[in-house]
Each structure stands twice: as C-alpha cells, then as structure tokens.
Protein chains: 2
Amino acid sequence: MQRYFADSVRGNNVFLSPKDAHHLVDVVRIALHEQIEVVTGQTTYLCSISHLDPLEISIGHPIEEKRELDGELLLAFAVLKGDHNDLVVEKGTELGCSHFIPFLSERTIIKVAAGSEDSRILRLKKIAESSAQQCRRLNVPKVDRYADFDQVLSLTADQKFFAYEEMAGQSATLFAALAPVKAGSSILVVVGPEGGFTIEEAKKALEAGFTPVSLGRRILRAETASLASLSLISAFMEAK
Amino acid sequence: MQRYFADSVRGNNVFLSPKDAHHLVDVVRIALHEQIEVVTGQTTYLCSISHLDPLEISIGHPIEEKRELDGELLLAFAVLKGDHNDLVVEKGTELGCSHFIPFLSERTIIKVAAGSEDSRILRLKKIAESSAQQCRRLNVPKVDRYADFDQVLSLTADQKFFAYEEMAGQSATLFAALAPVKAGSSILVVVGPEGGFTIEEAKKALEAGFTPVSLGRRILRAETASLASLSLISAFMEAK
C-alpha cells in the first residue's frame with residue numbers, strides 16, 4: 001500500500017503536500033475509495049480516498065505496526081567479492097535480520113584484517129539504514145566489524161546453524177531443523193564463502209555446538225544461501 | 001564441495017588436468033583426506049585426497065544427484081527496472097524455479113509490448129542457462145516472452161498464489177498457505193511491480209482463483225518478494 005506523511009490534519013481529513021498529492025493522483029493513479037497509509041506524528045492511519053478532484057482523504061483507524069521478528073535473527077556471513085555483501089545486507093534487512101556479522105574464513109578471498117572497520121563496513125551500515133527505512137523497520141540492524149571465525153563460533157544464540165553442503169544428505173535441511181524451534185528464540189545462521197568451509201572449520205563449528213544444515217538440492221551461491229536462509233527463518237519465526 | 005572433471009581414470013585413482021590440480025592444491029588449498037566431487041563421463045563420484053605431494057585422488061562411491069524439485073515451480077514477476085530482473089532470474093534459478101513469466105501490469109514502469117522478445121529477454125535466458133550450470137541443475141528454466149496480466153491469470157497450476165500486501169493481516173502468510181500443499185504439486189506465484197497491483201488487478205486475480213498471500217511483516221522490494229517466495233516454496237517442496 002502507498003504510504004505518505006501528513007502535511008496537516010483537519011477534522012476527519014488528512015492533507016498531503018502538493019508534491020505527494022500530485023504523486024498519488026498522477027503517478028500512482030489512485031482510485032476513488034482506494035486505501036493508503038498516512039503517517040501523522042508517531043501514528044500511522046489507514047485512510048481512504050473520499051474524493052478525487054479535489055483530493056480528499058478521510059482518516060480511518062490507526063494501524064498497529066509490527067515489523068520486527070519476535071526474536072533476534074543474526075547472520076554471520078563470510079565476506080564476499082564485489083557488491084555481493086551489499087546485496088546480503090540490503091535484502092537481509094528486508095528479511096528481518098537484526099545483526100550482521102561479516103567474517104573472515106580460511107577460504108575468504110577478500111583480504112582485510114579482523115577487527116577492522118574500513119569503508120566497506122561503513123557502506124554496509126548505510127545500506128542497512130536505508131533498507132530499514134524502505135521496508136519500514138523501526139530498528140536498524142547492527143553491522144559488526146570484521147570478525148574472525150573463532151569470534152563467530154563464540155557468538156551466543158538459542159539456535160546456532162551453519163550452512164554446510166558438504167554434509168548434504170547427512171545433515172538435516174534448515175527447514176527440518178527449524179521445526180522444533182520455539183517462538184521468540186534467537187537464531188544465528190553462519191554462511192561460508194564461495195569455496196565453502198574447510199574440514200577444520202566445520203569440525204570447530206560442530207564442537208562449538210552449531211548444527212550443520214543443508215539448504216536444499218541445488219548448489220546456492222554464497223549470497224543466495226544467506227538470503228534463502230533468512231527468508232526461511234523469518235517466515236518460521238513469524239509463523240510461531 | 002569442490003567439483004572437477006576427470007582428466008583420466010586409472011584403477012581406483014582419478015587424475016585431474018594440471019590446471020585443475022594446481023587450483024585444488026594451491027588455490028583451494030585442499031587438505032589430506034578432504035573430499036571432492038569428480039565427474040567422469042555421466043557419473044559423479046565422491047573422491048578423497050589420498051596423497052598431497054604428488055596429488056593422488058581415490059574414487060569413492062557414485063553420487064546420485066537430484067537437483068530438481070518434484071513439481072513445477074512457476075514465477076510470474078512484473079518486469080522491473082535496471083538489473084533487478086537479472087537478479088530474479090539468476091537467484092530464482094538457484095532456488096529451483098522451473099519457469100519464469102515476466103509480465104506487464106498497470107503499474108509496470110518499463111515500457112515494452114506484450115508478446116515481444118527483446119534483448120532483455122534473451123539476456124534473461126542466458127542468465128538462466130549459466131545459473132543452472134553453476135548450481136548444477138540438469139534443466140534450464142524456461143523464460144517466456146512478456147505476458148500481459150490476463151495471460152498470467154490464465155496460467156494453470158495446482159496452487160496459484162499472488163503476493164498481495166494490501167490484504168496483509170487479512171490474507172494468510174505464504175508460509176501458512178503452503179502447509180496443506182501436496183507433494184509433487186505445481187505451484188505458481190505471481191509477484192507485482194514496485195507500486196503493487198491495482199485494486200482491479202487484485203480483484204481479477206481473486207476471481208481467477210488465485211490465493212492472496214502475505215510475505216511477512218516487512219515491506220519487501222519486488223525482487224526480494226520473488227526470491228523470498230521461491231526460497232520458501234522450494235524448501236516446502238523439498239520437505240514434502
């Protein structure tokens with residue numbers, strides 16, 4: 001639904017700025033009686049178009065907005081080449097991630113120092129902020145400095161998964177692993193680099209209490225694995 | 001897991017080309033006893049590194065590959081601006097989509113003629129092909145010419161969903177709507193343009209037997225809505 005900020009409110013009617021009114025009528029080509037959301041101060045109302053020329057918008061009932069998941073959703077992802085990190089953070093924010101932990105693993109191709117925060121991290125923070133705005137989240141997800149793999153393994157969450165296709169056929173699918181998860185749980189998912197985790201890393205993750213999960217029959221690119229995991233986990237978390 | 005094509009096979013050992021052997025040892029930095037997949041002719045074997053210097057690879061058991069979903073998964077998506085269509089087809093192919101139907105709706109911004117096949121469609125077909133190769137699918141998804149909305153509504157599938165956030169709170173989540181779907185069903189999901197469907201389009205979709213579904217609490221960009229839908233549906237289809 002289209003959403004606008006109120007310019008002013010008089011009685012049961014709300015008024016938009018001339019720019020927004022033009023957008024609504026001439027660009028969106030809104031129809032009579034169609035509904036829009038209008039934000040006035042801290043409250044958003046469901047409003048309807050009661051007249052088109054001149055434009056009149058009647059205020060309906062306030063909309064209760066619940067955009068956040070009921071638990072924390074953490075994504076630790078191996079730093080990728082090019083703009084794939086941007087994609088993970090932009091889409092991951094839309095999908096409800098509350099905390100991004102970019103990390104360096106043995107097969108990470110990008111060379112940066114753990115603990116550092118270069119222009120790429122600042123860029124990811126900005127992307128998280130603008131994406132949160134766009135999808136109307138009230139909380140902007142955190143973006144950490146570069147972690148090393150041991151730091152990722154020391155993160156705490158009620159459920160800790162790592163995407164590990166090398167055990168496919170042996171490890172459960174993420175879908176099956178999510179079924180017993182309780183409402184309001186915090187969930188951490190760790191997604192490796194394009195080359196995957198080394199055997200040593202996988203062993204360490206198992207020892208640290210992480211559950212290996214498969215993301216299905218096809219080989220997903222690293223950034224797709226992150227987005228598919230978040231899509232699935234957030235749908236599960238909202239269904240509980 | 002790393003996968004290579006065999007250069008030759010002798011006894012229980014498989015040999016790679018010098019280039020691949022160099023990649024495996026010096027780039028991937030494979031460890032002793034680590035496993036790789038090696039394709040010989042039509043069969044793929046799970047192999048393990050039995051010696052590192054010189055490299056020796058022992059053949060293990062053949063891998064049965066099932067990459068495709070058990071039913072058809074069709075995505076009709078409103079044509080988007082910029083390279084978002086590329087993203088939908090590349091990632092959608094990884095996520096198991098079998099058939100892409102780009103379509104034009106009232107609020108589609110891009111101007112093309114229904115039924116036409118311009119360079120953008122040819123480009124999408126190439127992306128589907130290379131993505132299928134990358135994720136090792138045996139079937140390349142179909143990419144249709146531009147459809148109009150009525151053509152989308154006349155598509156047949158066992159389950160027909162359309163993502164319609166304007167009914168959020170009223171319509172079921174896609175997650176809930178998928179629960180009763182039977183194994184092997186064909187599933188069609190329709191995702192609108194950035195501006196959403198018009199009320200008239202939504203009415204027509206309802207009349208045509210489509211089920212409106214919500215994709216959760218946050219407002220997803222159009223391309224994210226496509227990818228989140230496919231992630232969820234393919235996970236469901238593989239879980240049945």
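Keep in mind it's a predicted model, so treat the numbers as computed, not measured. Side-chain atoms are counted along with the backbone in the values below, which use heavy atoms only and exclude waters and symmetry mates. By convention in this document, chain letters (A, B, ...) are assigned in the order of the sequence lines, proteins followed by strands, and residues within each chain are numbered from 1.
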Name, in order of residue number, those residues of residues 90-98 of chain B that have a heavy atom at a distance of less than 4.5 Å from a heavy atom in chain A; otherwise write 'none'. Glu90(B), Lys91(B), Thr93(B), Glu94(B), Leu95(B), Gly96(B)

For chain A, which residues of residues 130-137 of chain B have at least one non-hydrogen atom nearer than 4.5 Å to it? Ser131(B), Gln134(B), Cys135(B), Arg136(B), Arg137(B)

Under 4.5 Å from a heavy atom of chain B, the part of [X] involved:
X	value
Ala235(A)	both
Glu37(A)	neither
Leu69(A)	both

What I'd like to find out is whether the side chain of Val28(A) reaches to under 4.5 Å of the side chain of Arg107(B), using heavy atoms alone.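 A side-chain contact exists here, since the closest heavy-atom pair is under 4.5 Å.
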
Top of Leu230(A), Ile30(A), Thr224(A) for chain B proximity - count of heavy-atom pairs under 4.5 angstrom: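 Max contact count across the listed options: Thr224(A).
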
Checking the side chain of Arg67(B) only, and the main-chain atoms of Arg218(A) only, is there a donor and an acceptor separated by less than 3.5 Å? no

Check whether Glu34(B) reaches the backbone of Thr198(A) with its side chain - one donor and one acceptor, N or O, closer than 3.5 Å.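 No.
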
Between atom CZ of Phe175(A) and atom OG of Ser231(B), what is the distance when rounded to the nearest 0.5 Å?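 It is 12.5 Å, given to the nearest 0.5 Å.
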
May I ask you to check whether over 12 heavy atoms, not counting those of Glu56(B), lie within 6.0 Å of atom CD? yes

Interface moiety of Ala228(B) toward chain A, non-hydrogen atoms closer than 4.5 Å: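 Answer is both: backbone and side chain atoms of Ala228(B) are under 4.5 Å from chain A.
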
